[in-house]
Trainee: 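Here it is, the structure, as structure tokens.
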Amino acid sequence: FSEFLFNKKFKIGDYLETEGLKGKVKKIDMMYTTLCTYDNKEILIPNSRLTSNNIVNYFVQPERRIDLIVPIAYSEDIAKAREVIMTLIDNHDLVLHEKYNRVAVQTLNESSVDLSVWIWTKSENYWNMLEEMQESIKNSLDANHITIPFNQLDIHVIDNNTNSGI
């Protein structure tokens, strides 16, 4: 336990992920660390597992990058979509403008061109920025008549029985 405390890989208030479990550190005692999930569930994790498994600490760094994938239709102008999104990023007060924020083509999918969007912000602003930017991007693309495609199925019916008498 003393080694566990001295290493201080995380502290109360940090948001951790380990073994697929995520939560804010609520308590650290001799045998267990208690996490609280965003939907207010408590997770008790034996400290022995925390010392022998990988841990992701989401908010230990003062800055964090938001990664979004924004699909646009193949018929859309990529440069225009990039400009619309970058304008939102450039004009937002909580964006860290000295960092590398970008919009770039990530993937050419079956039904969309996927744009990768990077937005840097302070860690304490991460969740609000994530939610706000997703909504703002959707609204701005709509306002600029840039289509965000959705899965659809086209069915073509061929009638080989044209002399059915009906």
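This one's a predicted model, so the numbers in the text were calculated from it and none came from an experiment. Keep in mind that the numbers below use all heavy atoms, side chains included, and drop hydrogens, waters and symmetry copies. When a residue number appears, it is its place in the shown sequence, counting from 1.
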Trainee: Does N144 reach the main-chain N or O of I146 with its side chain, forming a donor-acceptor pair under 3.5 Å?
Mentor: no
Trainee: Can you tell me if CD on E98 sees more than 12 non-hydrogen neighbours from other groups inside 6.0 Å?
Mentor: yes
Trainee: Assigning hydrophobic clusters by single linkage (Ile, Leu, Val, Met, Phe, Trp, Tyr; side-chain heavy-atom cutoff under 4.5 Å), is I148 placed with F150?
Mentor: no
Trainee: What is the distance from atom OG1 of T121 to atom CG of D93, rounded to the nearest 0.5 Å?
Mentor: 10.5 Å
Trainee: So, using side-chain contact (heavy atoms from CB on, under 4.5 Å) as the criterion, who are the partners of N53 when residues are at least two apart?
Mentor: T18, E19, R49
Trainee: Whether the side chain of D14 engages the backbone of F10 through a donor-acceptor N/O pair (distance < 3.5 Å, no angle test) should be reported.
Mentor: no
Trainee: With a 4.5 Å cut-off on side-chain heavy atoms, are T33 and K26 touching?
Mentor: no
Trainee: Going by side chain to side chain donor-acceptor pair (under 3.5 Å), name the residues that satisfy it together with D114, two or more places apart in sequence or in a different chain.
Mentor: N109, S112
Trainee: For residues N47 and Y32, report the shortest heavy-atom separation together with the two atoms involved.
Mentor: OD1-C, 3.3 Å
Trainee: Could you grab the distance from atom CG of N101 to atom NZ of K99, nearest 0.5 Å is fine?
Mentor: 9.5 Å
Trainee: side-chain contact (heavy atoms from CB on, under 4.5 Å) for R82 and V84? Distances and angles first, verdict last.
Mentor: CA-CA 6 Å; R82 182 183 298 119; V84 166; over 6 Å; no
Trainee: Which one of T147, D77, I78 satisfies the side-chain contact (heavy atoms from CB on, under 4.5 Å) criterion with I72?
Mentor: I78
Trainee: Take L141 and V70, measure what side-chain contact (heavy atoms from CB on, under 4.5 Å) needs, and give me the verdict at the end.
Mentor: CA-CA 10 Å; L141 292 176; V70 178; 3.7 Å; yes
Trainee: Could you tell me which residues satisfy side chain to side chain donor-acceptor pair (under 3.5 Å) with K24, sequence neighbours excluded, listed by chain and number?
Mentor: none
Trainee: Honestly curious: do V60 and M129 fall in one hydrophobic cluster under the side-chain, below-4.5 Å linking rule?
Mentor: no
Trainee: So does Q61 get a backbone contact from the side chain of S123, meaning a donor-acceptor N/O pair under 3.5 Å?
Mentor: yes
Trainee: Report yes or no: do V113 and I69 belong to one cluster of Ile/Leu/Val/Met/Phe/Trp/Tyr joined by side chain heavy-atom distances under 4.5 Å?
Mentor: no
Trainee: Going by heavy atoms in the side chains, are R102 and S116 under 4.5 Å from each other?
Mentor: yes
Trainee: Looking at the rings of W120 and Y100, which for Trp means the six-membered one, are their centres under 6.0 Å apart?
Mentor: no
Trainee: Using the side-chain contact (heavy atoms from CB on, under 4.5 Å) rule, pick out the option among L68, I85, L88, L96 that qualifies with I119.
Mentor: L68
Trainee: Taking N125's backbone N and O only, do any of them form a donor-acceptor pair with N128's side chain (distance below 3.5 Å, no angle check)?
Mentor: no
Trainee: Could you tell me the separation between the CD1 atom of I89 and the NE2 atom of H97, rounded to the nearest 0.5 Å?
Mentor: 9.5 Å
Trainee: Mind checking side chain to side chain donor-acceptor pair (under 3.5 Å) for K80 and listing every partner two or more places apart, or none if nothing turns up?
Mentor: none
Trainee: Count I, L, V, M, F, W, Y as connected when their side-chain heavy atoms are under 4.5 Å apart, and connections chain through other members. Are L94 and V117 then in the same cluster?
Mentor: yes
Trainee: Sequence neighbours left out, what passes side chain to side chain donor-acceptor pair (under 3.5 Å) with T37? Give chain and number order.
Mentor: D39
Trainee: Hey, is CG on D90 packed in by over 12 heavy atoms from elsewhere, all under 6.0 Å?
Mentor: yes
Trainee: Examine the side chains of T34 and E42 and answer whether a donor and an acceptor come within less than 3.5 Å of each other.
Mentor: no
Trainee: How many angstroms lie between OH in Y58 and CG in L16, if you round to the nearest 0.5 Å?
Mentor: 9.5 Å
Trainee: Quick one: ring pair (Phe, Tyr, Trp, His ring centres under 6.0 Å) partners of Y38, sequence neighbours excluded?
Mentor: Y15, W127
Trainee: If I take atom CG from residue L50 and atom CD1 from residue I28, how far apart are they, to the nearest 0.5 angstrom?
Mentor: 9.0 Å
Trainee: Any chance CZ of F59 has more than 12 other-residue heavy atoms, nucleotides or ligands included, within less than 6.0 Å?
Mentor: yes
Trainee: In terms of hydrophobic clustering (I, L, V, M, F, W, Y; side-chain heavy atoms under 4.5 Å; direct or indirect links), are W118 and V103 co-clustered?
Mentor: no
Trainee: List the steps and the verdict of side-chain contact (heavy atoms from CB on, under 4.5 Å) for E132 and H92.
Mentor: CA-CA 10 Å; E132 187 179 318; H92 201 290; 2.4 Å; yes
Trainee: Please determine whether the number of non-hydrogen atoms from other residues, nucleotides or ligands lying under 6.0 Å from atom CD of E17 exceeds 12.
Mentor: yes
